[in-house]
Amino acid sequence: MTSERHSHSIGAPESAVRSVLGGALRERRRPIAAATVLFCGHQAGEALVPVLVGVVIDRAVATGDPGALVLWLTLLGLDFLVLSFCYRWGARRSWYADVTTDQALRLRVADRVLDPRGGAETGRLPGELTSVAVTDAKRVGVVAFALPLGIAALAAMAVAATVLLTSSLVLGVLVLVGTPLLLAAVHYLGRPLERRSGPEQEAAARASGVAADLVEGFRVLGGLRAQPAAVTRYVGASRAALAATLGATRAQALYQGAVLAANGLFLALVALVGGRLAASGVISVGELVAAVGLAQFLVTPLQILGWVNGRLAQGRASARRIGEVLSAPFAVGTSDVNERHSRAPGASESAARSEGQSAERSKGELSVREALDGVDLDLEAGAHVGVVCADPADAAAIVRALARESATPAVVTLDGTDVTTLDPTESRRRVLVAAHDAVLFSGTVAETVGAAAVGDVGPALAAAHADQVAEVLPDGLHSAVSEQGRSLSGGQRQRLALARALAADPPVLVLHDPTTAVDAVTEARIAAGVAALRAGRTTLVVATRPALLAATDRVVHVVGGRVAATGTHAALLDDPSYRGALG
Amino acid sequence: MNRELLPVASGDRIRVVLAGLLRERRGVVLGGLVALLASAGASMAVAPLLGLVVDVVVQRRGPDAVTAPVVGLVAAALAQGALAVVGGMLVARAGEGLLADLRERFVARALSLPLARVEEAGAGDLTSRVTSDLSLVGDAVREAVPNVARGGLVIVATLVGLAALDGRFLLAALVALPVQALTARWYLRRSTPLYAEQRRVGGAQQQQLLDTVGGIGTVRSLVLHDEHRRRVSSRAADVVALALRVVRLQTGFFGRLNLAEFLGIAAVLATGTWLVSIDAASVGTASAAALYFIALFTPINETLFLLDTVQSAGASLARVVGVADLGPAPERPVGEDGSVAVRGVRHSYVAGHEVLSDVDLDIPAGARVALVGASGAGKTTLAGLVAGVHVPTAGAVAAGRVGLVTQEVHVFAGPLADDLRLAAPSASDDDLAAAVEAVGASTWVAALPDGIDTVVGAGGHALTGAQAQQLALARLLLADPPVAVLDEATAEAGSSGARALDEAAERVLVGRTGIVVAHRLVQAATADRIVVMDAGRIVESGTHDELLAAGGRYATLWSTQQG
C-alpha cells in the first residue's frame, strides 16, 4: 500500500483521475461487462415492442388470422420476458458495481485519513473531507452504473436505426436526424431552468438551514426569550425561499409544456411524412405504426445518453478530488530524519513490532530541546511536572512539539532516543498527548474510556472522577456517548477524556488544560487522583489551575517564550507574576 | 432508554390540516387540476388522430388526405403544451405556498416548546423533524405529488379515451389492473421500511466518517486507527447489502409491471383482431387502442413508483403536524422588579430521584449570588428553575424577567449583527457596538473580514469557544433582563480566555440581579453572597469573609484552590 501511495506524485490530478476512476472501473470490470450485455438486451427488447405491435396489426388485426395472432403475441410475450429478465439482472449487476465501487473508494479515503503519518486533513475542513469520502465516492460509483446504461442506449439507437432504415430511408433519416435535433432544442429550452434551479436550491437550502440552526440553538433562544425574534427571522427566510422557488417552478412548468409541445409537433411531422409514404404504398401500415412508436421510443435512449454524459463529467471531477486526498503529502514521515530507511518495504511494521515491546519497558525519561526558542524541558523517569505559561500560545506550542502531529523545530528525546526515528504510532504510544480539545467518539462510557486502555479501566475512571459521571447517567457505564459527547456537559466530557488518557497508561503522559470545565471541588480530587495513579510514571501537566499544579513535584513557569522560574507550586506562589498567570 | 418522543399526528388530523391548507387556496388548486386534466385530454386526441392516418392508408384515400389528421395532431400538441404550462404553474404555486405555511407554523411551534419537553424527547427528535422530515415532505410536494396528479390524470384520460373508441377495449386494458394493484401493494409494504433502513444505515456511516475525520487528531494521539478503520468498514458491508436489497425490490417491482404490460397489450390486440373481424372497429381504431395502451406504460410505472415517496412523506407529515399542533409553553408570571424568591423547592427529573430538596433562597434586586459545589450538587438545576427553563416538582419560584447564559454556546449562522439582534430585534448599530465593546470583543470583531457583518456560525467564519461565549454575554446585555443567570458561562474557554471572560461577565452583571454558577472560586469570591450546595441542598450561605471565618466546606475548598 505504502509504495503505491507514493507513486501518486503530489499535484498530478490527471494521473490521479485515471488511477482512481480507471482503477475503480477495472476492479469491477466483470459486473460492468455483464450489465452492459444485459442492458443491451433490455433496450433491444424495449425497441422491439412497438415493432412487434406493428407486426401484430399487419398480420393479425388487419387480416383477422387467429393463428398469426397467437404466433405473434407469443413472440411479443417472449420479448417482454427477455427485456424484463435483462433489466432485472442488468440492474442488479450494475448496482452491485456501483455500490461496491462507492464503498471501496470510501474506505480508501478513510484509510488515507487514518494513516498515522497524517496530512490528508491539511487545509480541508472535516465536512469537506467527509464529503469527498461520501459524495465523491458515490459519484465515481455512479459511473459504474451509468456506463452500461450508456452503451446499451447506443445499442438501442442502432437497433431502432436499422429497423427504420430498412423499411424506409426517408422516414429513417427523418427520425434519426430529427430526434437528436429535438433533444438539442429541448436542452436549449431547459437552459434557463438550469440557471434558475441554482438560486432556487440555495434559497430552499438556506431556509432549511436557518430552521435547523435555530433548533440547534434552542436553549440559547429559550434562555433569552428570543423565540419570537427567531420565528420572525425564519419566516423571512421561508418567504424568500418561496419567492425564489415560485420563480423556478414557473420556469419548470414552461419547460415541461415546451417539451410536451415539441414532442407532439415532431410526432405530427413523422405522421405526416410516414402517412404520405404509406398512402403512396412505399411502406406498410405496420411499418408506419412502428415508425411512430420508434420516434417516441428513441427519446428515452437519447435522454439516457445525456444523463450518462453528465454523470461521467461529475465522476471525473470527483475522481480528481479523491485522487488529491489520496496523494496528499504526509505531515510526518515514518522517520522525519531518515526517510529512506523506513521506506524499505515492511520496515515500519517490523520496526513497530520490536519497538512495541520496548514501549512496555520504556522508562519515560523525557527531554525536550527547544520546546520553544528558549525553553528546554527535562523530565527524569517518573517525574510529575507542571508547566505554566503566561501566554496560552506558548502552552499550545509546547504541546504541539510533543504531539508529533507536524514537524516542529523541537527535538524530543525519550530514554535517549530521538522520537523522530520512531514510527509515529510508536512514538505516540510512548508519549501520549491528551489535547485540550480531544474528541469523544460514539460508544458507551465504558467503551469510550477503554478505547486505548491497557488493562482495567477502574482506577483511571476513579482518578478522573469519571465514575461519578457514569453514576448520574441513565445506564451507568453502559450509557451511550453520542454526537461527540454533546449529550454531556463540558465537565463530564473532560473527565471522560482524561480517564481515557489515563487508562492508556503511557510511559509519558502530557495533559493540556484537562479540567477547565470541572468544578473546583471535583478538580481538587482529580488532581490528587491523577498524581496517585501516575506515581512512578512520567507526567507533564500544561495548565494554569492551582489544584493541578499543587499536585506536581515542580512547576516550570514560562514567560515570553523563556523559562522564568522552576520550583514547587508553593514556592512559586510568592511570585506575583506566577500568581497572575494562574486561572 | 424510555424516551417520550414528541407527538405524531393521526391520519384524520393530517387530513383535516391538509384540507384546511388546501381550502385557503381553493381557486388555484382547482384551476391547476382542471388545466392539467384538459392537457391530458388534449393528449388523448393524439392516438385517434394517428388512427385516422392509419385509416387513410388502409382505405387508400391518397397522400393528401393525411394532412387533415396531421393538422389535428399539431393542434393537440400545442394545446397539450399550453395547458400543461398553466396547470403546472398553478399546482406548483398551491404546493409551494402550502409548504411554506406548514413549515412556518411548524418552526414557530417547535421553537416555543418547553425545553423540558424537548429534552425528554431527546434533542435528535426535534432536529430530525426540522431537517429530514420537512425536506421529505417538501420533496414530495414538489416532485411526487404533481407527477402523481399528472400521471393519474393521464391514466384516467387514457382509459376514458379507450372507452370512447370502444368499451370493449377498456375492458381488455383492465386485464392488467389486478396485477398492477397487487404489485403496488407488494412494493409499498416493503419499500417504506427498506428505504428508511437504507437512510438510517447510510446516515450512520456518514456520521461515523464525520466522527473519525473530525476527531482525527484524537485518533492519532491515542493510536485508535485500527478501531476506526474497523468502524468505517463494518458499516460498508451493511450499506452494500441494503443497496442490493433495494435493487432487488425495485427490479421485482418493474418485472411484475412488465407482466401487467404484456397482459394488457395482448388483450387489447386480441380484442382489436376480434372487433375488426366482426366489423365493429376499423384497423385504425384498433391501432389507436394499441398506441393508447403503450402510452400508458410510462405514466403507470412512474405513478406507482412515486406512491412510495408519497407514503413516506405521509409519515414525515404526521411527525411535522404532530409538533405544529402542540400548544405553546406555559408562561410563568413575571415579577415586577429584579428580586428572586425560591420557596420550598424540590425537583426531580426522574420520579423518585430528587436532585433538589427543600431549597429556599431570597435574593434582593441587584444582588449577586454565587452558587458553589461539586458536580451533581444541584447548581445547574437551581439555576434552570430560576431561569424558568424547568418548572419545579414542588414549591415555587418567583422572579422578574430572567436571562440565562449557559456553557452551551451556539453561534447562529448568518451575519454576526443578526445573531446579536436575535436578543434585541430593534437594537441600533450603536447598541450592538456598545454590547460588543462591553464584553471585550470589539478587537476581534473589528478584525473579522467584514466586521460585525461577517457571516459566522455553521458554514461561515468559525469562532473560538471563548469568542462564542463573549457573544452569548453580549446577547444577554442586549436582551437587558433585570435578572441574569450565568451557568458556568465562562467555563468552555480553557485557560486562554478565562480572565477576559470573567471581566466580561462582571460588566454584563452590572445593574442586574445576578446568579452565577462558578467553577473557579475567584469568580465566587467577589459575590454579595456565596451559596454552597451539596447533594441537592444549600449547606452554607454567606459572604466570602463570613464563610472563610466559619471554617466550613467553602474555607477548605478555598485553601486547596489557593494551593
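A, B, ... follow the sequence lines: proteins, then strands. Residue 1 opens every chain.
- No option in Val113(A), Leu129(A), Asp115(A) other than Val113(A) meets the side chain to side chain contact (heavy atoms under 4.5 Å, CB included) test with Ile216(B).
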Self-check item: From CA spacing to verdict: side-chain contact (heavy atoms from CB on, under 4.5 Å), Glu104(B), Arg239(A)
Solution: CA-CA 9 Å; Glu104(B) 285 161 22; Arg239(A) 290 289 133 178; 3.0 Å; yes
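- Judged purely by distance below 3.5 Å, without hydrogens or angles, the side chains of Gln227(A) and Ser112(B) never pair a donor atom with an acceptor atom.
- Of all heavy-atom pairs spanning Leu107(A) and Ala236(B), the tightest one is CD1-CB, 4.3 Å.
- Heavy atoms only, all atoms of each residue included: Leu224(A) and Ala423(B) are closest at CD1-CB, 4.2 Å.
- Nearest heavy atoms, Val276(B) versus Val61(A): CG1-O, 3.4 Å.
- Between Val239(B) and Val99(A), every side-chain heavy-atom pair lies at or beyond the 4.5 Å cut-off.
- With values rounded to the nearest 0.5 angstrom, Gln205(B) atom CD is found 4.5 Å from Arg106(A) atom CZ.
- For Val372(B), no part sits under 4.5 Å from any heavy atom of chain A, backbone or side chain.
- For chain A, the option among Ala100(B), Ala387(B), Ala518(B) with the highest count of heavy-atom pairs below 4.5 Å is Ala100(B).
- For Val74(B), the parts lying under 4.5 angstrom from a heavy atom of chain A are both the backbone and the side chain.
- Counted by atom type alone, Arg103(B) and Ser238(A) present one or more donor-acceptor pairs between their side chains at under 3.5 Å.
- Residues Leu265(A) and Leu78(B) form a side-chain contact, since some pair of their non-hydrogen atoms from C-beta on lies under 4.5 Å apart.
- Ranked by heavy-atom pairs under 4.5 Å with chain A, the first of Val71(B), Val247(B), Val86(B) is Val247(B).
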Exercise. Test Phe441(A) against Arg231(B) for side-chain contact (heavy atoms from CB on, under 4.5 Å), laying out the working first.
Key: CA-CA 11 Å; Phe441(A) 298 106; Arg231(B) 284 187 179 197; 3.8 Å; yes
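- Of the two parts of Leu224(B), only the side chain, counted from C-beta on, holds a non-hydrogen atom closer than 4.5 Å to a non-hydrogen atom of chain A.
- Put simply, the side chain of Val213(B) does not reach to within 4.5 Å of the side chain of Glu121(A), judged on heavy atoms.
- In this structure, CZ in Arg248(B) is found 11.5 Å from CH2 in Trp95(A), a value given to the nearest 0.5 Å.
- Remark: Gln208(B) CD to Thr130(A) OG1 distance equals 10.5 Å, nearest 0.5 Å.
- Residue Leu73(B) comes nearest to Ala271(A) through the heavy atom pair CD1-CB, 3.7 Å, listed as atom of the first residue, atom of the second, then distance.
- His225(B) pairs by the ring pair (Phe, Tyr, Trp, His ring centres under 6.0 Å) definition with nothing, not counting sequence neighbours.
- Looking at Phe106(B), there are no atoms closer than 4.5 Å to chain A (heavy atoms on both sides), in backbone or side chain.
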Self-check item: Check against side-chain contact (heavy atoms from CB on, under 4.5 Å), Phe262(B) and Leu81(A)
Solution: CA-CA 9 Å; Phe262(B) 170 68; Leu81(A) 206 61; over 6 Å; no
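- Atom CG of Asp65(A) and atom OG of Ser277(B) lie 11.0 Å apart (nearest 0.5 Å).
- In this structure, the portions of Ser287(B) lying under 4.5 Å from any heavy atom of chain A include both its backbone and its side chain.
- Other residues, nucleotides and ligands contribute at most 12 non-hydrogen atoms within 6.0 Å of the CD atom of Gln206(B).
- Looking at Gln252(A) and Met89(B), their side chains never come closer than 4.5 Å, going by heavy atoms from C-beta outward.
- Here the side chains of Leu221(A) and Phe412(B) are in contact, with some heavy-atom distance below 4.5 Å.
- Between the side chains of Thr251(B) and Arg92(A), at least one donor N or O lies within less than 3.5 Å of an accepting N or O.
- The 12-atom threshold is exceeded at CZ of Phe254(B), counting heavy atoms of other residues, nucleotides or ligands nearer than 6.0 Å.
- The environment of Arg553(B) atom CZ is sparse: at most 12 non-hydrogen atoms of other residues, nucleotides or ligands sit within 6.0 angstrom.
- With rounding to the nearest 0.5 Å, the separation of CZ in Arg233(A) from CZ in Arg421(B) is 9.5 Å.
- Minimum heavy-atom separation, Ala290(B) to Val53(A): CB-CG1, 4.0 Å.
- In this structure, the portions of Val232(B) lying under 4.5 Å from any heavy atom of chain A include both its backbone and its side chain.
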Practice problem: Begin from the C-alpha positions of Leu222(B) and Arg428(A) and carry the test side-chain contact (heavy atoms from CB on, under 4.5 Å) through to its verdict. | Solution: CA-CA 7 Å; Leu222(B) 291 162; Arg428(A) 290 184 199 121; over 6 Å; no
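- Considering only heavy atoms from C-beta on, Val85(B) stays 4.5 Å or farther from Gln256(A) through its side chain.
- The CG atom of Asn263(A) sits 8.5 Å away from atom CD of Gln80(B), with the distance rounded to the nearest 0.5 Å.
- At a 4.5 Å heavy-atom cutoff, Ala82(B) makes no contact with chain A through either its backbone or its side chain.
- Looking at residues two or more places apart in sequence or on another chain, you find no ring pair (Phe, Tyr, Trp, His ring centres under 6.0 Å) involving Phe266(A).
- If you measure heavy-atom distances from Leu476(B) to chain A, the contacts under 4.5 Å come from both the backbone and the side chain.
- The minimum heavy-atom distance linking Ala413(B) with Asp213(A) is given by the pair N-OD2, 2.6 Å.
- In this structure, Leu269(B) and Ile57(A) have side chains that are in contact, with non-hydrogen atoms separated by less than 4.5 Å.
- Residue Asp226(B): no heavy atom, backbone or side chain, is found under 4.5 Å from chain A.
- Heavy atoms of Val219(B) lying under 4.5 Å from chain A belong to its backbone as well as its side chain.
- Arg475(B) touches chain A through backbone and side chain together, each having a heavy atom under 4.5 Å away.
- If you measure heavy-atom distances from Pro481(B) to chain A, you find no contacts under 4.5 Å at all.
- Interface remark: Leu111(B) contributes backbone and side-chain atoms alike to the contact with chain A (heavy atom separation under 4.5 Å).
- Side-chain contact between Asp211(B) and Ser442(A) is present, with heavy atoms from C-beta onward closer than 4.5 Å.
- Both the backbone and the side chain of Glu261(B) come within contact range of chain A, judged by heavy atoms closer than 4.5 Å.
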